[in-house]
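Source: prediction; values computed, not measured.
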Amino acid sequence: MPTTRVDSMLVMYTKQYVLVTPVPGPVLVMPKYALHFSLEHITRRVGVFIPGGLPGSYIFDQRRYEKVSYEKDSIVIGTYVEGQDGPPTSRKKYLLGKGNVWVRVRYSDATGLPTDTAWYYFKTMRKLDRIEWKNGNILTKNTFLHDRRGNVYTSTADTYIDGKHVGQDVTQYLEYDNKINPLKGVVLFEDMLERGQSENNALRIHSYGWAQGSGGGMSRYQSTASIKYFYDGRGRADLSKPPRY
């Protein structure tokens with residue numbers, strides 16, 4: 001099917017907060033995703049995070065892309081390198097079950113074997129009740145609450161190790177505009193889940209949380225941000241332009 005549009009968006013609109021550049025120095029061009037659509041279905045997302053040289057750091061590589069394939073009872077997303085033939089460098093598969101439940105399985109780059117699993121529980125077609133991630137002895141439960149306009153107003157992620165509650169991250173979306181969210185309905189990518197579930201665009205966000213270290217100590221944080229968007233002629237937020245904070 002023909003591609004009907006390509007939307008670009010700055011990486012800062014995702015939850016990938018840790019980013020390093022391939023070489024030292026400032027980022028001269030803000031890294032962006034490009035989302036390719038065929039009718040209302042995403043067929044490709046250009047731009048992939050790969051591990052950086054430091055623990056917990058990532059490099060945004062725009063030579064890599066994620067190709068989305070739609071099958072009868074599943075959706076498969078494979079990561080490829082532009083200009084190189086062969087199988088995907090990594091893969092994840094969504095199994096579409098009954099009762100608005102999806103199961104996402106991620107596969108190892110090295111072995112091709114499953115590494116972690118997530119269960120998606122939907123309230124409606126594109127509104128999540130919660131997601132439960134399981135990776136070895138680590139379980140993360142992310143719960144979403146929506147307001148009457150169909151926007152996410154609270155996202156709470158609780159982390160457990162061997163059944164012990166070791167951390168919580170809460171994001172409150174305090175205010176939205178009344179403009180169209182161009183990412184509405186995009187729930188295939190875990191770093192876009194909050195945005196993809198909302199009808200409009202968040203203007204004020206408050207985040208806070210805590211984590212328990214291996215030594216038993218407790219760390220806490222909180223932050224608040226206000227965002228002003230640029231809008232295009234169709235009344236949609238233009239996510240390819242830097243917001244004003």
Side-chain angles (χ1 to χ4, degrees), residues 9 11-18 33 35 41-42 45 48-49 56 58 66 68-71 73-79 90-108 113-147 149-173 176 181 183-202 205-212 221:
M9 60 176 295
V11 170
M12 69 176 63
Y13 284 98
T14 76
K15 300 201 90 174
Q16 299 281 7
Y17 293 133
V18 181
Y33 287 117
L35 300 177
H41 294 287
I42 290 180
R45 180 171 80 159
V48 174
F49 276 90
Y58 295 87
E66 294 170 294
V68 184
S69 301
Y70 296 87
E71 302 175 2
D73 297 315
S74 64
I75 301 173
V76 178
I77 301 178
T79 301
S90 64
R91 185 169 62 98
K92 56 185 176 182
K93 185 174 186 177
Y94 291 87
L95 305 176
L96 310 181
K98 297 179 181 180
N100 288 333
V101 178
W102 292 7
V103 179
R104 193 270 295 141
V105 181
R106 194 190 312 274
Y107 297 87
S108 166
L113 298 175
T115 58
D116 64 280
T117 304
W119 290 264
Y120 287 56
Y121 298 90
F122 287 88
K123 300 175 184 177
T124 61
M125 182 65 72
R126 290 294 182 266
K127 305 292 185 187
L128 280 159
D129 176 70
R130 69 188 187 280
I131 301 176
E132 298 181 3
W133 283 279
K134 188 73 164 61
N135 187 353
N137 65 337
I138 302 175
L139 173 65
T140 301
K141 296 182 179 180
N142 196 353
T143 304
F144 303 93
L145 298 177
H146 299 79
D147 62 22
R149 294 171 60 189
N151 295 315
V152 174
Y153 73 85
T154 303
S155 169
T156 304
D158 292 286
T159 301
Y160 303 84
I161 298 179
D162 292 326
K164 181 181 179 181
H165 195 193
V166 296
Q168 183 181 74
D169 298 284
V170 179
T171 304
Q172 297 175 321
Y173 298 85
Y176 282 86
N181 169 21
L183 294 179
K184 174 185 173 182
V186 178
V187 294
L188 285 176
F189 306 105
E190 293 165 9
D191 52 357
M192 296 182 183
L193 280 174
E194 280 87 351
R195 291 202 59 90
Q197 294 185 72
S198 293
E199 303 290 319
N200 308 117
N201 305 281
I205 302 173
H206 179 63
S207 300
Y208 62 92
W210 61 271
Q212 186 172 342
Y221 74 90

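Not a single donor-acceptor pair under 3.5 Å links the side chain of N151 to the backbone N or O of A202. At least one donor-acceptor pair closer than 3.5 Å links the side chain of Q197 to the backbone N or O of L128. Under the 3.5 Å distance criterion, the side-chain polar atoms of D147 are left unmatched by any main-chain donor or acceptor of Y153.
Atom NZ of K184 sits in a sparse spot, with 12 or fewer heavy atoms from other residues, nucleotides or ligands closer than 6.0 Å.
The side-chain contact (heavy atoms from CB on, under 4.5 Å) test applied to Y107 returns R91, K93, V105, P114, not counting sequence neighbours. Qualifying side-chain contact (heavy atoms from CB on, under 4.5 Å) partners for E66, counting only residues two or more places apart in sequence or in other chains: R45, V48, I77, T79, K92, F189. Listed by chain and number, the residues in a salt bridge (Lys or Arg N to Asp or Glu O under 4.0 Å) with E132 are R130 (sequence neighbours excluded). A search for ring-ring contact (aromatic ring centres under 6.0 Å, His included) contacts involving Y70 returns H41, not counting sequence neighbours. Applying the side-chain hydrogen bond (donor to acceptor under 3.5 Å, both in side chains) rule to D169 yields the partners Y221; only residues at least two apart in sequence or on another chain are considered. By the side-chain contact (heavy atoms from CB on, under 4.5 Å) test, D116 pairs with R104, R106, N135, sequence neighbours left out.
No side-chain heavy atom of I205 sits under 4.5 Å from any side-chain heavy atom of E194. The shortest distance between side-chain heavy atoms of K141 and T156 does not fall below 4.5 Å. Residues I138 and V166 are not in side-chain contact: their nearest non-hydrogen atoms beyond the backbone lie 4.5 Å or more apart. Using a 4.5 Å heavy-atom cutoff, the side chains of W102 and L188 are in contact.
Side-chain atoms of Q168 and D158 include a donor-acceptor pair closer than 3.5 Å. A donor-acceptor contact under 3.5 angstrom links the side chains of Y176 and S198, judged on distance only.
Annotation: the span from F49 atom CZ to Y33 atom OH amounts to 5.0 Å, rounded to 0.5 Å. The OG1 atom of T159 sits 8.5 Å away from the CG atom of L139 when rounded to the nearest 0.5 Å. Of the inter-residue distances, the one linking T171 atom OG1 with Y208 atom OH reads 9.5 Å to the nearest 0.5 angstrom. Once rounded to the nearest 0.5 Å, the distance linking CG of N142 with CD1 of I131 reads 6.0 Å. Atoms CE and CZ, on M9 and R195 in that order, are 6.5 Å from each other to the nearest 0.5 Å. Separating the CG atom in N201 from the CG atom in L183 is a distance of 8.5 Å, to the nearest 0.5 Å.
The heavy-atom pair separating G150 from K127 by the smallest distance is O-NZ, 2.6 Å. The two atoms that bring V152 and Y173 nearest to each other are O-CB, 3.3 Å, heavy atoms only. Nearest heavy-atom pair, T140 versus A157, reported as atom, atom and distance to 0.1 Å: CG2-CB, 4.5 Å. The two residues V187 and L193 come nearest to each other via the heavy atoms O-CD2, 3.6 Å. Summarising the geometry of E71 relative to V76, their closest heavy-atom pair is OE2-CG2, 3.8 Å, with the distance given to 0.1 Å.
The aromatic rings of Y160 and H165 sit parallel, their planes meeting at an angle under 30°, below the 60° perpendicular limit.
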